[in-house]
Amino acid sequence: MSHTQTKYDLSYRPQSYWSHDDPLQEILSGISGTARRAMITDFWEAGQFDQLENGLLEDELDVETRQRLGAFHPFFMGGEYLPERLPGEVPIVRIDLESTTFDVIELRARPFPGGKISLRWVDEYETEFDMPAELIEQPMSFGDLLNFIQDCGIDEMGKFPLVYNEMNYQGGSDVEDLRDFTSVSSDFYPELHPWAEGLFREWAYEKEQDAELVED
């Protein structure tokens, strides 16, 4: 367990993945598009929520709107091409990449018979992800979630959440350019984002130290 985990409330456990105390989070839970999530948040915080186009609040954009936004800037494509959600399915972890098309990966949960919870990772490319379990008995504690994330990944490429940084680093990208390449967040675990930021800072520092040793 990384030492970055020690300052967080690892025992925290959301009561449910299907309800929110915060009405904004309730709205965002149905929105996969990165740009739309940011736009909705900005309008909400500015008290101008009623001025948003109705179509931007749909779970899935229609083809015409999606193409129109994507033509405006690739940022608007991020998350909009994720697979359609299964009945009752919600994202509990979100990984945003500063790639050319602003790719998004989600860990989704849905109710399963017997009171269990079914989990799956999805992205916009039908990637097959490794994961230690597909069924859990209850919402994970924050500590369990961190361990779960770090046990998931892409076969032969690496484990979350650093796999995308590593792939690009091995491909020749500069460490400084990758410092903020991956962003990890959750509507249910507010401490996930700062935890991941600390992990990426550690990763960048270690790469920089390794590079200095090679130069010496």
Side-chain angles (χ1 to χ4, degrees), residues 8-9 12-99 101-112 115 117-124 136 138-142 145-146 148-149 160-161 180 182-197:
Y8 299 106
D9 182 4
Y12 171 76
R13 186 191 308 273
Q15 293 185 344
S16 171
Y17 290 143
W18 291 277
S19 63
H20 290 277
D21 294 331
D22 184 344
L24 175 59
Q25 294 302 325
E26 187 73 40
I27 295 168
L28 294 177
S29 68
I31 308 296
S32 293
T34 303
R36 284 199 294 145
R37 289 172 63 89
M39 190 182 307
I40 290 168
T41 300
D42 288 345
F43 272 73
W44 179 277
E45 292 178 348
Q48 299 174 337
F49 186 73
D50 58 344
Q51 297 180 29
L52 272 171
E53 291 183 33
N54 290 332
L56 296 178
L57 296 172
E58 297 292 333
D59 289 357
E60 303 286 338
L61 288 179
D62 60 72
V63 174
E64 181 180 346
T65 302
R66 189 165 59 182
Q67 291 177 342
R68 174 169 56 85
L69 290 175
F72 180 71
H73 192 281
F75 177 59
F76 288 93
M77 298 171 59
E80 297 294 2
Y81 291 86
L82 287 169
E84 185 177 350
R85 293 178 187 173
L86 301 174
E89 194 171 52
V90 297
I92 60 173
V93 173
R94 182 181 178 88
I95 301 176
D96 288 272
L97 306 180
E98 286 192 359
S99 54
T101 51
F102 295 88
D103 300 319
V104 175
I105 303 92
E106 286 185 343
L107 176 62
R108 295 178 176 178
R110 64 186 175 94
F112 192 83
I117 299 171
S118 175
L119 302 173
R120 68 166 178 157
W121 288 99
V122 299
D123 69 359
E124 293 143 310
I136 55 176
Q138 60 180 331
M140 288 181 277
S141 69
F142 186 47
L145 177 72
L146 297 186
F148 179 87
I149 290 174
F160 287 149
D180 299 315
T182 306
S183 176
V184 185
S185 60
S186 172
D187 294 339
F188 297 94
Y189 299 91
E191 290 190 311
L192 181 60
H193 182 66
W195 169 82
E197 284 192 321

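In what follows, every heavy atom counts, from backbone to side chain, and hydrogens, waters and symmetry copies are set aside.
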**OP:** Evaluate the criterion side-chain contact (heavy atoms from CB on, under 4.5 Å) for residue pair E84 and V122; output intermediate values, then yes/no.
**Re:** CA-CA 10 Å; E84 185 177 350; V122 299; over 6 Å; no
Original post:
Would D103 and I95 count as a side-chain contact (heavy atoms from CB on, under 4.5 Å) if you check the C-alpha gap in whole Å, the side-chain angles of each, and the deciding distance to 0.1 Å?
Top reply: CA-CA 8 Å; D103 300 319; I95 301 176; over 6 Å; no
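A salt bridge between R85 and E60 is absent, with no side-chain N of the basic residue lying under 4.0 Å from a carboxylate O of the acidic one.
Under the rule for a salt bridge (charged side-chain N to carboxylate O under 4.0 Å, His left out), E191 has no partner lying at least two apart in sequence or in another chain. Partners of R36 under the side chain to side chain donor-acceptor pair (under 3.5 Å) rule, at least two apart in sequence or in another chain, are E80. For R110, the salt bridge (charged side-chain N to carboxylate O under 4.0 Å, His left out) criterion is met by no residue, not counting sequence neighbours. By the salt bridge (charged side-chain N to carboxylate O under 4.0 Å, His left out) test, D123 is found to be paired with no residue, residues two or more places apart in sequence or in another chain being considered. Legend: residues meeting side chain to side chain donor-acceptor pair (under 3.5 Å) with Y81, ordered by chain and number and at least two apart, are absent. Every residue meeting the salt bridge (charged side-chain N to carboxylate O under 4.0 Å, His left out) condition with R94, not counting sequence neighbours, appears here in chain and number order: D96, E106.
Nearest heavy-atom pair, D22 versus L24, reported as atom, atom and distance to 0.1 Å: OD1-N, 2.9 Å. For the residue pair F75 and F102, the shortest heavy atom distance occurs at CA-CD1, 3.3 Å. Taking all atoms of both residues into account, the shortest heavy-atom contact from G88 to P111 is O-CD, 3.5 Å.
Around atom CD of E64, no more than 12 heavy atoms belonging to other residues, nucleotides or ligands sit under 6.0 Å away. The neighbour count for D21 CG, taken as heavy atoms of other residues, nucleotides or ligands under 6.0 Å away, does not exceed 12. For Q48, the CD atom counts as densely surrounded, since its 6.0 Å shell holds more than 12 non-hydrogen atoms of other residues, nucleotides or ligands.
Classified by interplanar angle (parallel below 30°, tilted 30° to 60°, perpendicular above 60°), the ring pair W121/F148 is parallel. Between F188 and Y17, the ring planes lie perpendicular to each other; the angle is over 60°, past the 30° to 60° tilted range.
With hydrogens and angles ignored, the 3.5 Å screen pairs no side-chain donor or acceptor of S19 with any backbone N or O of S16. Judged purely by atom type and a 3.5 angstrom limit, E89 has no side-chain atom pairing as donor or acceptor with the backbone of A109. A side-chain donor-acceptor contact under 3.5 Å links S186 to the backbone of I92. Side chain of E197 to backbone of P194: no donor-acceptor contact under 3.5 angstrom is found.
When I31, L56, T34 are each tested for a side chain to side chain contact (heavy atoms under 4.5 Å, CB included) with M39, only one passes: L56.
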